[in-house]
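Below is one structure, written out as structure tokens; comments come after it.
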Amino acid sequence: MGRAEKVVLAYSGGVDTSVCIPYLKEEWGVKEVITLAADLGQGEELGPIQKKAEDSGASISLVADAKADFIKDYAFPAIQANALYENRYPLSTALARPLIAKLLVEAAEKYGADAVAHGCTGKGNDQVRFDVSIAALNPNLKVLAPAREWGMSREQTIAYGEQFGIPAPVKKSSPYSIDRNLLGRSIEAGPLEDPWTEPLEEIYAMTKAIADTPNEPDYIEIGFERGIPVSLNGQFLAPLDLVGQLNEHVGNHGVGRIDMVENRLVGIKSREIYEAPALLVLIQAHRDLESLTLTADVSHYKRGIEETYSQLVYNGLWYSPLKGALDAFVQQTQERVSGTVRVKLFKGNATIVGRKSETSLYTPDLATYGAEDQFDHKAAEGFIYVWGLPTRVWSEKMRG
Ligand code: ARG
């Protein structure tokens with residue numbers, strides 16, 4: 001008896017996931033492997049990948065275009081939550097995992113598979129995200145992770161694949177490990193493993209070097225409706241187009257790079273470089289619009305929710321009761337978060353230079369220092385007396 005009969009494998013077309021196909025069959029006694037490649041805008045053609053899977057021994061190779069869902073159902077809620085892990089990483093890789101898990105589970109159910117599989121190793125966050133998301137969506141499915149157990153080096157993996165007709169990579173493989181989708185690129189390993197080493201310009205693909213950016217600033221206007229970005233420079237756009245155009249625009253000004261050492265769930269610190277031009281600017285603009293449209297207490301309370309939300313997403317708990325409850329909170333807060341944010345892009349900086357909203361809580365008559373001032377200055381005195389009373393009493397008692 002093998003570990004499973006029929007398996008749906010998350011497939012990227014790379015050597016490691018290709019080797020998973022014969023490995024599952026030969027070593028773990030799996031009878032049938034179906035591969036599933038999710039198109040999340042990695043920017044490669046998935047047609048050849050399909051053939052590659054079949055050549056490597058897959059019985060069926062599925063390709064799912066999940067780009068629109070990725071933006072609408074995963075990126076947009078994260079923007080509403082201003083989700084930044086450790087206050088910096090906009091979760092561009094992490095957000096893709098629960099969606100891929102959902103596609104895997106749906107395929108397993110459709111084709112009557114008893115397990116799903118992925119090619120993650122045992123050191124990263126992604127294995128956690130896959131395993132936990134799959135368990136949440138269908139706890140009856142087994143999860144197989146061959147690369148977590150096989151203990152083969154890169155060379156051994158390639159040699160193993162060659163026995164089953166999987167060609168060794170033609171070009172000298174890059175020292176970096178790169179994950180890419182519509183929202184961004186995550187780059188790690190190779191020379192980046194030394195946190196003191198400055199990244200070479202060659203690792204970037206979505207953002208220009210400052211030296212190559214325009215010498216004039218660009219202004220863009222991002223329109224939001226209930227916390228969802230809907231327009232760019234007054235033009236309403238489908239989610240996919242909005243993010244695509246914004247990536248171009250923002251990346252062209254060298255905006256959207258992050259170089260950080262982050263804390264993985266599995267206890268390891270890792271140095272990671274990110275590019276996420278559109279996502280970062282959208283979060284920045286969205287947060288700014290909230291400053292105009294949310295009451296102070298909601299806004300302050302939401303900061304704590306955002307922090308927890310980001311940790312949950314990073315730590316693989318997208319499909320969890322707490323995440324669901326936080327989603328409900330966030331949704332409720334977004335009712336009035338509609339309006340336009342004006343952003344200036346110049347030499348690696350995105351600066352918010354204006355915001356307006358029909359649901360703005362900003363009140364010029366109260367804020368102004370001019371003659372129109374409606375604020376009751378005398379009322380401040382009594383307020384401060386009460387506000388400061390505990391401190392006054394404490395001070396008096398301290399002095400005896
Ligand atoms: N550290 C990021 C995360 O856990 C990205 C992981 C994938 N990165 C990569 N270079 N393969 O979400």
Side-chain angles (χ1 to χ4, degrees), residues 10-18 20 37-38 40-44 70 74-75 77-79 81-101 118-134 145 147-148 154 157 169 173-195 197 199-200 202-207 256-277 279-280 283 306-320 323:
Y11 189 65
S12 71
V15 178
D16 296 272
T17 49
S18 294
C20 285
L40 299 177
Q42 317 57 341
E44 20 176 38
F70 184 40
Y74 295 82
I79 291 167
N82 300 321
L84 295 172
Y85 179 67
E86 295 184 336
N87 225 7
R88 300 178 75 191
Y89 164 44
L91 298 163
S92 36
T93 290
L95 288 165
R97 303 315 182 207
L99 172 53
I100 297 171
H118 60 72
C120 299
T121 66
K123 289 177 73 172
N125 296 310
D126 285 333
Q127 53 166 347
V128 182
R129 297 168 184 151
F130 280 126
D131 289 20
V132 177
S133 298
I134 291 158
R148 198 154 55 190
R154 176 95 186 144
T157 310
S173 62
S174 131
Y176 304 107
S177 156
I178 300 173
D179 178 67
R180 158 156 216 175
N181 62 45
L182 280 170
L183 297 178
R185 292 171 76 247
S186 308
I187 309 129
E188 62 184 6
L192 301 173
E193 282 176 3
D194 178 355
T197 300
L200 295 174
E202 65 180 24
I203 69 165
Y204 298 105
M206 298 175 82
T207 54
R257 296 181 178 183
I258 299 162
D259 176 344
M260 69 187 279
V261 174
E262 74 190 32
N263 293 292
R264 288 188 193 160
L265 178 60
V266 293
I268 300 168
K269 280 192 189 295
S270 76
R271 199 279 187 91
E272 193 101 26
I273 311 294
Y274 298 105
E275 299 184 275
L279 188 55
L280 280 168
I283 292 172
E306 293 170 0
E307 174 72 25
T308 309
Y309 182 101
S310 308
Q311 284 168 10
L312 290 182
V313 174
Y314 187 86
N315 293 335
L317 297 174
W318 182 271
Y319 305 111
S320 68
K323 161 73 169 38

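Predicted model, so just to flag it, every value in this text is computed and none were measured. Start at 1 and go down the list; that is how both ligands and their atoms are numbered.
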>> Can a side-chain donor-acceptor contact be found between Y274 and E262 if the only test is distance below 3.5 angstrom?
In response: yes
Taking 4.0 angstrom as the limit, do [X] and [Y] come out as a salt bridge?
{"X": "R97", "Y": "D179", "value": "yes"}
{"X": "R148", "Y": "D131", "value": "yes"}
{"X": "E86", "Y": "R264", "value": "no"}

>> What does the 4.0 Å heavy-atom contact list look like for ligand 1?
In response: Y89, T93, A94, N125, R129, S177, D179, S186, E188, E262, E272, Y274, Y314
> Checking R129 against Y314: charged group under 6.0 Å from the ring centre and within 45 degrees of the axis?
Replying inline: yes
>> As a quick check of understanding, evaluate salt bridge (Lys or Arg N to Asp or Glu O under 4.0 Å) for R271 and D194, giving each step before the final call.
In response: CA-CA 8 Å; R271 199 279 187 91; D194 178 355; over 6 Å; no
